[in-house]
Amino acid sequence: MTGRDPDAIRKRAISALAILLGGFVFYTSLNGPFESLIQRSVFVAMISALAVLMYPLFYGTRLRPLGIAVDLGIVAMITGSAAYITANQVTIMTELPWAEPRDMAMGFGTLLAVLELARRSSNWVFPAIVLVSVAYAFFGYLIPGQFGHRGFDAGYLTEIIFLSDRGLWGMLVNVASTTLAAFVLFGAILLHTGAGETFFDLSARLGGSRPGGAAKIATFASGFFGAINGSTVANVATTGNFTIPLMKRLKYPAPYAGAVEAIASTGGQLAPPIMGTAAFVMAELVGVNYWSIALAGVVPALLFYLGVYATVHVIARRQGFRPVMADDLPDWRSAMTATRLAPILAGLAGLGFGILNGNSIELTACYGMIAMIVAVFVARICAGQNPLEVGRIVVRALEEGGRGVVIVGILLVGAQVFVAMINLTGLGVAVTSAVLAVGQGNLALIAVLMAVVCLIAGMGLPTSAAYVMVAAVFAPALIQQGIEPLVVHMFVLYYAALSVITPPVCLGVFVAATIAQAPWMKVALQTLRLGATAYVLPMLFLIYPGMLGGGGMEAIARAVISGTVFAMAMAHLLGGARLPGPRPVSVLWLAPALLALLPPWSATIGAVVLFAGLMALSRQRNAAMPLPETA
């Protein structure tokens with residue numbers, strides 16, 4: 001491959017622009033963002049140019065010359081619009097200018113260009129939804145009944161979409177260009193300075209030596225990695241390429257192997273600190289501090305993984321799935337070396353310093369990045385590594401961070417336009433009225449309706465985009481029932497995240513099935529079995545405020561106890577744990593799970609006692625009839 005090879009040139013351009021974007025994020029995190037419209041428009045221009053390079057149109061086909069022309073047009077359109085906004089940002093923010101034909105052309109041209117990039121980086125579903133919302137704003141006067149509205153002309157929509165901070169350069173774009181981008185870059189530096197290998201080795205040591213060890217490795221590893229990269233599909237594609245073949249090599253059924261990885265990767269989107277990048281967006285939508293969101297997500301995430309781990313363990317004991325051989329497990333000493341641990345501990349220390357010092361979220365992340373960079377240089381140079389090679393590690397981390405922010409950034413630009421159209425047309429109010437009319441004031445029925453709608457609306461969408469869309473349209477229905485906004489938004493987030501493994505459009509399952517070489521429907525059914533607890537977990541948010549940290553220590557303790565009993569009882573039911581007597585007797589595991597859903601303390605205590613009694617009976621039965629030792 002020569003230097004004149006177009007593909008080589010494109011790859012170098014991607015690296016250079018990704019490093020430049022990573023440097024932009026680092027600089028603005030350390031020194032503070034530029035003026036709002038400047039920060040956002042420059043960010044959109046950079047991620048759009050990088051997206052064009054990463055996802056070229058008609059690449060590898062005879063139509064590539066046409067694709068190059070279209071790609072150049074997209075870059076010119078978005079860059080020109082960003083430059084125009086930057087030059088006129090004072091006028092836009094102070095004088096609210098009228099839209100002229102030039103503005104209309106630039107506004108709608110930029111919107112179409114961004115949606116085309118969203119189509120390339122994800123799929124056609126998201127851009128189609130955004131276009132429908134814009135069409136609804138145009139032609140709503142043609143719709144009768146409560147879902148109709150007076151309609152808006154092209155000039156007024158241009159002023160909202162293009163000549164304001166509510167559309168293409170809106171609040172979600174600000175989140176993407178500051179706090180979200182800072183934590184994506186933090187995660188990239190963390191993984192590239194040794195945390196990736198450490199997390200995987202730690203996962204292997206924690207779960208590999210137990211029955212069903214390979215599935216437990218997948219559970220731990222996917223949780224660690226998912227909490228940082230925040231994408232189910234990306235998580236399945238990375239950790240799944242190791243964990244799924246490992247499970248199959250140990251004679252686990254292929255659909256089961258794919259399902260374990262799919263459900264474990266989904267939980268990463270719900271685990272702090274990043275929570276599928278939705279935590280930062282939620283902080284803006286709800287109007288609370290980001291750290292409050294992260295703390296609220298701790299207990300639900302632990303219960304999610306407790307349910308998955310316990311189900312995997314019960315199935316492993318029942319089926320006789322073997323642990324991973326000791327020779328295949330990493331040594332503790334190699335996994336816990338100073339070279340690996342120093343950047344992780346330094347990064348956490350940097351975050352802690354920023355939090356205690358009361359700094360902004362992005363500056364706090366920057367302190368963590370600086371601490372990791374210093375630690376990796378000191379640790380590796382002391383270990384005898386070449387300083388230039390250590391510097392290349394940092395540069396690669398900047399590049400990966402720049403790449404990592406592209407997809408979510410593009411999606412949030414489009415999602416912001418969708419939110420602007422929903423707010424402008426009042427669709428959220430109309431949907432809320434319809435849901436409340438069907439629910440007739442019954443909170444349980446309204447919650448079930450909301451859950452189903454969120455699962456359907458989020459299908460085919462990345463988590464961040466799905467969350468924004470369902471939150472904008474459907475969250476008000478529960479808030480009007482007197483539920484705290486944070487509780488409602490966490491409820492919506494969970495079901496938006498679970499849509500990625502819910503048939504028929506289950507992207508995470510599709511990827512896992514491809515790696516496992518198994519029919520996707522079989523993988524989907526096994527995933528639903530392993531993740532059934534997760535589908536009920538958000539309902540506990542409505543029953544127990546302490547689940548998300550509200551109501552004081554007593555409420556939190558009660559929520560943790562009830563949630564634990566529910567997760568464990570469901571794990572034994574779904575895993576097929578046997579009780580003395582005929583097989584149908586095993587349905588008794590459902591009793592403590594149902595008791596755990598009831599609000600009174602007496603029900604919680606009864607659930608604990610009943611579950612403990614069933615566990616004793618199950619162990620007695622297993623002692624009388626030993627389980628198989630090998631697969």
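In terms of heavy atoms, I189 sits closest to T193 at O-OG1, 2.7 Å. Looking at every heavy atom in both residues, L412 comes nearest to V468 through CD2-CG2, 4.2 Å. Closest approach of A379 to A342, counting heavy atoms only: CB-CB, 4.0 Å. In terms of heavy-atom proximity, P245 sits nearest to I515 at CD-CG2, 4.4 Å. Nearest heavy atoms, L168 versus G107: CD1-O, 3.9 Å. Between C366 and S29, the shortest heavy-atom distance links the atoms CB-CB, 4.0 Å.
In this structure, OG1 in T514 is found 9.5 Å from CD1 in I244, a value given to the nearest 0.5 Å. For the atom pair L112 CG and I74 CD1, the distance stands at 9.5 Å (nearest 0.5 Å). Remark: T232 OG1 to L507 CG distance equals 9.5 Å, nearest 0.5 Å. How far CD1 of I85 is from CZ of R40: 11.5 Å, rounded to the nearest 0.5 Å. Atom OG of S122 is separated from atom CD1 of I410 by 10.0 Å, given to the nearest 0.5 angstrom. Interatomic distance, CG of L115 versus OG1 of T110, reported as 10.5 Å (0.5 Å rounding).
Evaluation of the side-chain hydrogen bond (donor to acceptor under 3.5 Å, both in side chains) test over residues 394-410, restricted to residues two or more places apart or in two chains, returns S15-E399, E399-R403. Sorted by first and then second residue, the side-chain hydrogen bond (donor to acceptor under 3.5 Å, both in side chains) pairs involving residues 48-57 (not counting sequence neighbours) form an empty list. For residues 68-87, the set of pairs meeting the salt bridge (charged side-chain N to carboxylate O under 4.0 Å, His left out) definition, not counting sequence neighbours, comprises R64-D71, D71-R120.
Judged by distance alone, with hydrogens and angles left aside, the side-chain atoms of S499 form a donor-acceptor pair with the main-chain N or O of G458 at under 3.5 Å. For the pair E362 (side chain) and G32 (backbone), a donor-acceptor distance under 3.5 Å is absent. In this structure, the side chain of W169 engages the main chain of F162 through a donor-acceptor pair within 3.5 Å. T28 places a side-chain N or O within 3.5 Å of a backbone atom of V25 that can act as its donor or acceptor partner. Distance alone, capped at 3.5 Å, is enough to place a donor-acceptor pair between the Q416 side chain and the L172 backbone. For T238 (side chain) and N235 (main-chain N/O), a donor-acceptor pair under 3.5 Å exists by modelled atom type. Within the 3.5 Å criterion, the main-chain N or O of I38 finds a donor-acceptor partner in the side chain of S41.
The side-chain contact (heavy atoms from CB on, under 4.5 Å) search around A215 returns M247, Y252, Y256, V260, V312, not counting sequence neighbours. Take N357 and apply the side chain to side chain donor-acceptor pair (under 3.5 Å) test, not counting sequence neighbours, and it matches N359. For R10, the salt bridge (charged side-chain N to carboxylate O under 4.0 Å, His left out) partners are D7, not counting sequence neighbours. Judged as a ring-ring contact (aromatic ring centres under 6.0 Å, His included), and not counting sequence neighbours, F43 has no contacts. Not counting sequence neighbours, the partners of F353 by the ring-ring contact (aromatic ring centres under 6.0 Å, His included) test are Y367. Considering only residues two or more places apart in sequence or on other chains, F220 meets the ring-ring contact (aromatic ring centres under 6.0 Å, His included) condition with Y309. Among residues two or more places apart in sequence or in another chain, the ring-ring contact (aromatic ring centres under 6.0 Å, His included) test is passed with F242 by F200.
Between F186 and L351 the shortest side-chain heavy-atom distance falls below 4.5 Å. When side chains are defined from C-beta on, E116 does not count as touching P127, because their heavy atoms never get closer than 4.5 Å. Counting heavy atoms from C-beta outward, F280 and V408 have side chains that stay 4.5 Å or more apart. Within the 4.5 Å cutoff, the side chain of L37 has no heavy atoms near those of the T86 side chain. Side chains of E389 and R380 form no contact here, defined as non-hydrogen atoms less than 4.5 Å apart. Residues L498 and Y495 meet the side-chain proximity criterion, which asks for heavy atoms closer than 4.5 Å.
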*Tell me, with the steps shown, if I78 and V114 meet side chain to side chain contact (heavy atoms under 4.5 Å, CB included).*
CA-CA 8 Å; I78 298 178; V114 168; 4.0 Å; yes
_Test log, rule side chain to side chain contact (heavy atoms under 4.5 Å, CB included), inputs T239 and F224_ = CA-CA 10 Å; T239 59; F224 286 139; over 6 Å; no
_F24 vs L20, side chain to side chain contact (heavy atoms under 4.5 Å, CB included): CA-CA, chis, key distance, verdict_ = CA-CA 6 Å; F24 172 81; L20 181 63; 5.8 Å; no
*List the steps and the verdict of side chain to side chain contact (heavy atoms under 4.5 Å, CB included) for M93 and E35.*
CA-CA 11 Å; M93 295 302 294; E35 291 291 334; over 6 Å; no
All N/O donor-acceptor pairs, side-chain side in residues 173-185, below 3.5 Å, sequence neighbours left out:
residue	atom	partner	partner atom	Å
S177	OG	V173	O	3.1
S177	OG	N174	O	3.1
T178	OG1	N174	O	2.6
T179	OG1	V175	O	3.4

Return a table of donor-acceptor pairs under 3.5 angstrom between the side chains of residues 286-306 and protein atoms on other chains or two or more places apart.
residue	atom	partner	partner atom	Å
N289	OD1	W291	N	2.7
Y290	OH	P273	O	2.5
Y305	OH	A264	O	2.5
Y305	OH	G268	N	2.9

